[in-house]
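Only this structure's heavy atoms are used, side chains among them; waters, hydrogens and symmetry mates stay out. Residue numbers begin at 1 in each chain, while the letters A, B, ... track the order of the sequences.
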Amino acid sequence: MTSITDIEAMIARVALRDRAAFAALYDATSAKLFGVCLRVLNNRSEAEDTLQEVYLRIWAKADTYAVTGHSPMTWLITVARNLAIDRLRKRKPETAPPGDMDELPASAPGPEAVAMERSERARIAACLEELDEGKADAVRSVYLDGLTYQDLATRHDVPLNTMRTWLRRSLIKLRECLTR
Amino acid sequence: MSAPDDAYDDEALAAEYVLHLLDADARRAFEDRLRDDRALQDMVYRWEGELAPLSEEIAPAAPPPALKSKVMEAVGPSRERSPLQSIWSLVLGGAVAAGLLGFLMFGDVLRGPADLTPEFEARLSAGDGSVILVAQVIPATHEIVVERVAGGPPPGRVHELWLIAEGATAPVSLGVLQDEGATRIRVPDDIAPGVRTGTVAISDEPPGGSPTGAPTGSVIATATFVDI
């Protein structure tokens with residue numbers, strides 16, 4: 001398993017245009033980031049295109065990693081998720097999601113589980129539990145699947161504005177809990 | 001509206017931004033504010049950090065092997081050439097732009113007494129805060145003054161300063177830093193114009209600096225410049 005410090009060192013060298021470090025970073029993290037792209041896009045070829053974009057972004061922006069104060073995996077996952085959702089939003093609204101995958105990868109942390117801080121994980125989980133179940137699920141699927149307010153409103157069969165108010169209130173509650 | 005309400009509005013807005021819940025117009029408006037608003041940036045980073053653990057439940061999936069070669073090809077040729085060559089390619093590649101920019105940025109040298117005020121700076125801080133350096137640039141004289149705020153190299157090692165000009169494929173050494181206090185470095189005229197938009201980095205090297213012309217030890221910190 002590659003440690004957090006290893007990945008941090010790789011990112012620092014990538015900022016110096018070190019291709020060997022970039023190749024090592026790709027080997028250590030591409031499976032996780034591909035998982036993130038697949039989860040959002042639910043389409044293999046789009047996820048592959050996006051993953052390529054993700055690594056080019058990482059190559060170009062490695063020097064900005066430090067300002068975010070993120071742990072290395074947080075930064076990488078954030079880059080991947082942002083680009084995957086950008087791609088998702090660019091799909092023509094009238095076309096249904098392609099969904100060419102037989103099944104989504106199983107929801108279990110992989111063995112190499114490029115670890116997040118355990119405490120971080122516990123904190124968001126505990127704070128989501130303080131929300132009503134439906135709202136916690138909504139936050140989760142917005143983060144993991146890239147759902148929009150419109151998707152949520154349809155799913156819960158409520159008007160768009162109701163949905164927006166509902167979720168914003170949950171986010172503020174979540175902020176209060178996370179700050180405690 | 002009272003201040004706490006504003007803060008909460010921004011917190012919710014920052015969360016919506018991180019979650020990609022804003023529509024295109026609202027997103028653009030938020031990004032305009034984000035550019036210069038440190039407090040808002042911090043809110044965004046905090047949400048990103050707090051929500052990221054949700055992705056723990058996503059199982060890794062191996063991408064097709066061919067993708068790696070595509071990615072590696074896209075980031076340019078391998079750096080297996082002599083340091084001299086990489087410096088030359090950097091110099092030649094940037095020569096025209098450098099000449100023009102150099103005139104725009106440093107043209108006042110020709111017109112009057114040099115202004116010795118630093119105009120931009122970069123804060124180089126190791127992840128754990130054990131080493132902190134501040135690099136300030138005096139455009140008029142093409143000088144970088146690197147002040148050591150905290151920490152030093154391990155015994156028997158030195159810190160070397162590098163510049164990666166925007167779009168460059170390899171870093172260029174700017175010199176070895178003193179173990180304490182300030183180091184004044186004169187940047188070669190041909191690369192000076194690339195400093196403002198480039199990235200600086202500190203690496204850990206053997207005495208006298210990297211023997212290969214490329215960083216050989218661990219990279220302690222990287223940073224970009226901001227106007228003072």
Peer 1: If you draw a 6.0 Å radius around CG in A/Asp157, do more than 12 non-hydrogen atoms from other residues or ligands fall strictly inside?
Peer 2: no
Peer 1: Apply the test salt bridge (Lys or Arg N to Asp or Glu O under 4.0 Å) to residues B/Glu16 and A/Arg164: give CA-CA distance (whole Å), side-chain angles for both, the deciding distance (0.1 Å), then the verdict.
Peer 2: CA-CA 10 Å; B/Glu16 287 177 298; A/Arg164 189 176 283 130; 5.0 Å; no
Peer 1: Is it the side chain or the backbone of B/Thr199 that comes within 4.5 Å of chain A heavy atoms, both, or neither?
Peer 2: side chain
Peer 1: Does B/Glu57 pair with A/Arg39 as a salt bridge, N-O distance under 4.0 Å?
Peer 2: yes
Peer 1: Starting at CG of A/Leu147, measure out to CG of B/Leu21 and round the result to the nearest 0.5 Å.
Peer 2: 9.0 Å
Peer 1: Given a strict heavy-atom distance threshold of 4.5 Å, which part of A/Tyr26 is in contact with chain B: side chain, backbone, both, or neither?
Peer 2: side chain
Peer 1: Which heavy atom of A/Leu16 sits nearest to which heavy atom of B/Ala201, and what is that distance?
Peer 2: CD2-CB, 3.3 Å
Peer 1: Treating A/Arg89 as the side-chain partner and B/Asp23 as the backbone partner, does any N or O pair qualify as donor plus acceptor under 3.5 Å?
Peer 2: no
Peer 1: Distance check, rounded to the nearest 0.5 Å: B/Tyr17 atom OH versus A/Asn82 atom CG?
Peer 2: 7.0 Å
Peer 1: Indicate the atoms forming the closest heavy-atom contact of A/Ala12 with B/Thr222, along with that distance.
Peer 2: O-CG2, 4.1 Å
Peer 1: Below 4.5 Å, heavy-atom pairs only: which of A/Ala20, A/Ser170, A/Ala23, A/Ala9 has the largest tally toward chain B?
Peer 2: A/Ala23
Peer 1: I'd like to know if the side chain of A/Arg17 reaches the main chain of B/Val75, judged simply by a donor and an acceptor atom lying under 3.5 Å from each other, with no hydrogens or angles considered.
Peer 2: no
Peer 1: May I ask you to name which of A/Leu178, A/Leu174, A/Thr148, A/Thr78 has the most heavy-atom pairs under 4.5 Å with chain B?
Peer 2: A/Leu178
Peer 1: How long is the gap from OG1 on A/Thr68 to CZ on B/Arg46, to the nearest 0.5 Å?
Peer 2: 14.0 Å
Peer 1: If you count heavy-atom pairs under 4.5 Å between each of B/Lys68, B/Arg123, B/Glu48 and chain A, which one has the most?
Peer 2: B/Lys68
Peer 1: For the interface with chain B, which of A/Val67, A/Ile172, A/Thr64 has the highest count of heavy-atom pairs at distances below 4.5 Å?
Peer 2: A/Ile172
Peer 1: Could you report the tightest heavy-atom contact between A/Asp86 and B/His20, atom names first, then the distance?
Peer 2: OD1-CE1, 3.5 Å
Peer 1: Quick check for you: among B/Ala15, B/Ser125, B/Pro64, B/Ser218, which has the greatest number of heavy-atom pairs under 4.5 Å with chain A?
Peer 2: B/Pro64
Peer 1: What pair of heavy atoms forms the shortest contact from B/Pro53 to A/Ile124, and how long is it?
Peer 2: CB-CG2, 4.0 Å
Peer 1: Can you measure from CG (B/Leu54) to OH (A/Tyr143) and round to the nearest 0.5 angstrom?
Peer 2: 6.5 Å
Peer 1: Could you tell me whether a side-chain N or O of A/Arg19 sits under 3.5 Å from a main-chain N or O of B/Met72, the two making a donor and an acceptor?
Peer 2: yes
Peer 1: To the nearest 0.5 Å, what is the distance between CD (A/Gln52) and NZ (B/Lys70)?
Peer 2: 5.0 Å
Peer 1: In terms of heavy-atom pairs under 4.5 Å with chain A, which of B/Leu51, B/Ile220, B/Thr224, B/Asp42 leads?
Peer 2: B/Leu51
Peer 1: When you measure from the side chain of A/Lys32 to the backbone N and O of B/Ser55, does any donor-acceptor pair fall under 3.5 Å?
Peer 2: yes
Peer 1: Heavy-atom pairs under 4.5 Å with chain B: which of A/Leu167, A/Leu152, A/Leu171, A/Leu56 has the most?
Peer 2: A/Leu171
Peer 1: Please round to the nearest 0.5 Å and tell me the distance separating atom CG of B/Leu67 and atom CZ of A/Phe34.
Peer 2: 7.5 Å
Peer 1: Give, as side chain, backbone, both or neither, the part of A/Glu48 having an atom under 4.5 angstrom from any heavy atom of chain B.
Peer 2: both
Peer 1: Could you pull out the closest heavy-atom pair between A/Arg81 and B/Val18, with the gap in Å?
Peer 2: NH1-O, 2.9 Å
Peer 1: For the interface with chain B, which of A/Tyr55, A/Phe22, A/Trp59 has the highest count of heavy-atom pairs at distances below 4.5 Å?
Peer 2: A/Trp59
